[in-house]
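Nothing here was measured: the structure is a model prediction, and the numbers come from that model. In what follows, residues are counted from 1 in the order of the sequence shown.
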Amino acid sequence: MKTSCAALSAVLLSISTSVFAADYPAPKQGDWVAKDFKFHTGEVMPELKLHYTTLGEPTGQPVLVLHGTGGSGASMLTPAFAGEMFGAGQPLDPAKYYIIIPDAIGHGKSSKPSDGMKTSFPKYNYDDMVEAQHRLVTQGLGVKHLRLVIGNSMGGMQTWMWGEKYPKEMDALVPMASQPTEMASRNWMLRRIMLDTIRSDPDYNGGNYTSQPRMMKYAITAYGIASIGGTLAYQQQAPTAARADKIVDERLATPITADANDFVYQWDSSHDYNATEKLEAIEASLLLINSADDERNPPETGVTDAAMKRVKNGKLYLIPASTETRGHGTTGNAKFYSEQVRQLLQTAPQRTM
């Protein structure tokens, strides 16, 4: 059921904490303030709060985990992901690794428009988010070299950027549900329509609303059905008009708890994403994990294959489409690829700064 990512993350965090508490150490929460943070627009925030979650001890090999749009560190602690990756003996066992999961700018408990600035909050993009993550990791936590950077969807795109901006600062990269190519085609078209629907709602009032815009739930539901879920899975779940109507009704009835300005900023931040210019700069071992039925990053276009040829130590693992996969959402379930991540960490050379 598609609802706001923030609400979903909170629910899944409570589930994951109760179900998997015995499988990995309790997550630790922290905040760090980046002073005089300069955005790509030239705007400067005297204090940018960055919230983060960690598992394991700082003496372990550092791993950076990056969440998707609208999510937070909590959204990476689901049973389907954390339960397959962070347990004892699993690929990212906290007994061996120090796992760092930041809340990106505009997300979770990090600084965001709904904290009070509304549309006066600086317009951020992925470059700003990655810069803030880097400052948190290196200055806030004192980590100078990462064993792995792994991210999903937006976090996957930012993983590509980490490899290009800081090529000597990690051993391995695992971008998931992403491609390094420009935000374009259906992926941006659907985002643009969703954002324009919210902005054009009279309730939005230029971001100065008194209640959340009523069209938000329709925009989010339409985008969700169009860009995530998997064709085979939808056919199995909704083989009749009645079943399809039931799914739509359920999703429209689900409360949207996301703040409209936060939501618009989060999705609009992808508009100028393009990680193709510096692919040759990537030095780390790179494992791209995508799903064959990913609606936002369809493999049949060939753009990902072309980009991968420019990555020196890159490999693509394409999860075959099935009734079990969920299109763009497939990589939220680590059972499809946990062993590939384990193998990467067993073979990727350990480098130093």
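The aromatic rings of Tyr223 and Trp267 stand perpendicular to each other, their planes meeting at an angle above 60°, with 30° marking the opposite boundary.
Inter-residue side-chain proximity for Glu169 and Lys144 is flagged as unmet; no heavy-atom pair is nearer than 4.5 Å. With contacts defined as side-chain heavy-atom distances shorter than 4.5 Å, the pair Gln90/Tyr24 does not qualify. Counting heavy atoms from C-beta on, the side chains of Leu345 and Leu148 come closer than 4.5 Å. Side-chain contact between Ile220 and Ile256 is present, with at least one heavy-atom pair separated by less than 4.5 Å. You'll find the side chain of Met194 stays beyond 4.5 Å of the side chain of Thr197, heavy atoms only. Side-chain contact between Phe37 and Val44 is absent, with no heavy-atom pair separated by less than 4.5 Å. At least one side-chain heavy atom of Leu146 sits under 4.5 Å from a side-chain heavy atom of Val137. The shortest distance between side-chain heavy atoms of Leu66 and Ile150 does not fall below 4.5 Å.
Aromatic ring centroids of Trp32 and His51 lie 6.0 Å or more apart. Proximity of the aromatic rings of Tyr97 and Phe86 is defined here by a centroid distance below 6.0 angstrom, and this criterion is not met. Tyr265 and Phe263 have their aromatic ring centers separated by at least 6.0 angstrom.
Enclosure of atom CD in Gln61 by more than 12 non-hydrogen atoms of other residues, nucleotides or ligands within 6.0 angstrom is indicated. Counting heavy atoms of neighbouring residues, nucleotides and ligands inside a 6.0 Å radius, atom CE of Met117 exceeds 12 of them. At most 12 non-hydrogen atoms from other residues, nucleotides or ligands lie less than 6.0 angstrom from CD of Glu277. Counting heavy-atom neighbours within 6.0 Å of Lys38 NZ, excluding the residue itself, gives a total of 12 or less. Heavy atoms of other residues, nucleotides or ligands lying less than 6.0 angstrom from NZ of Lys278 number 12 at most.
No side-chain donor-acceptor contact under 3.5 Å links Asn187 and Ser185. Defined by atom type and a distance below 3.5 Å, a donor-acceptor pair is missing between the side-chain atoms of Thr59 and Glu57. Between the side chains of Asp262 and Ser114, a donor-acceptor pair is found at a separation under 3.5 Å. In this model, a donor atom of one side chain and an acceptor atom of the other lie less than 3.5 Å apart for Thr325 and Asp293. One side chain, Arg296 or Ser227, offers a donor N or O that lies under 3.5 Å from an acceptor on the other. Side-chain N/O atoms of Asp128 and His40 include a donor and acceptor closer than 3.5 Å. No side-chain donor-acceptor contact under 3.5 Å links Thr69 and Gln266. Using modelled atom types, one finds a donor on one side chain and an acceptor on the other under 3.5 Å when comparing Asn152 with Thr331. Side-chain polar atoms of His67 and Ser72 form no donor-acceptor pair below 3.5 angstrom. When only modelled atom types and interatomic distance are considered, Tyr204 and Asn261 share a side-chain donor-acceptor pair under 3.5 Å. In this model, a donor atom of one side chain and an acceptor atom of the other lie less than 3.5 Å apart for Asp272 and Asn125. Counting only N and O atoms by type, the side chains of Ser322 and Glu324 include no donor and acceptor under 3.5 Å apart.
Ionic pairing of Glu283 and Lys168 is present here: one or more N-O contacts between side-chain nitrogen and carboxylate oxygen are shorter than 4.0 angstrom. By the 4.0 Å N-to-carboxylate-O rule, Glu84 lies too far from Lys335 to be salt-bridged with it. Ion pairing between Arg192 and Asp196 holds under the 4.0 Å rule for side-chain N and carboxylate O. Look at Lys118 and Asp259 and you find no salt bridge, because none of the NZ, NE, NH1 or NH2 atoms lies under 4.0 Å from a carboxylate O. Using a 4.0 Å cut-off between charged nitrogen and carboxylate oxygen, Asp115 and Lys112 count as a salt-bridge pair.
With hydrogens and angles disregarded, no donor-acceptor distance shorter than 3.5 Å links the side chain of Glu280 to the backbone of Val311. With Arg214 contributing its side chain and Ser211 its backbone, the two residues share no donor-acceptor pair below 3.5 Å. Of the possible donor and acceptor atoms, none in the side chain of Arg135 sits under 3.5 Å from a partner among the backbone N and O of Ala34. Counting only distance, with no hydrogens or angles, the side chain of Arg342 and the backbone of Tyr337 share no donor-acceptor pair below 3.5 Å. Tyr124 contributes no side-chain N or O that, together with a main-chain N or O of Phe39, makes up a donor-acceptor pair within less than 3.5 Å. Judged purely by atom type and a 3.5 angstrom limit, Gln350 has no side-chain atom pairing as donor or acceptor with the backbone of Asp171. In terms of modelled atom types and a separation under 3.5 Å, the side chain of Glu182 and the main chain of Asn274 share no donor-acceptor contact. Here the side chain of Ser110 pairs a donor or acceptor atom with the backbone of Asp103 at under 3.5 angstrom.
By the rule that hydrophobic residues join a cluster once side-chain heavy atoms approach within less than 4.5 Å of another member, Ile193 and Trp188 end up as members of separate clusters. Residues Leu288 and Val303 do not share a hydrophobic cluster, clusters being chains of Ile/Leu/Val/Met/Phe/Trp/Tyr side chains in contact below 4.5 Å. Transitive grouping of hydrophobic side chains (ILVMFWY, heavy atoms separated by less than 4.5 Å) brings Val248 and Met215 into a common cluster. Linking Ile, Leu, Val, Met, Phe, Trp and Tyr whenever their side-chain heavy atoms come within less than 4.5 Å leaves Leu232 and Ile225 in two separate clusters.
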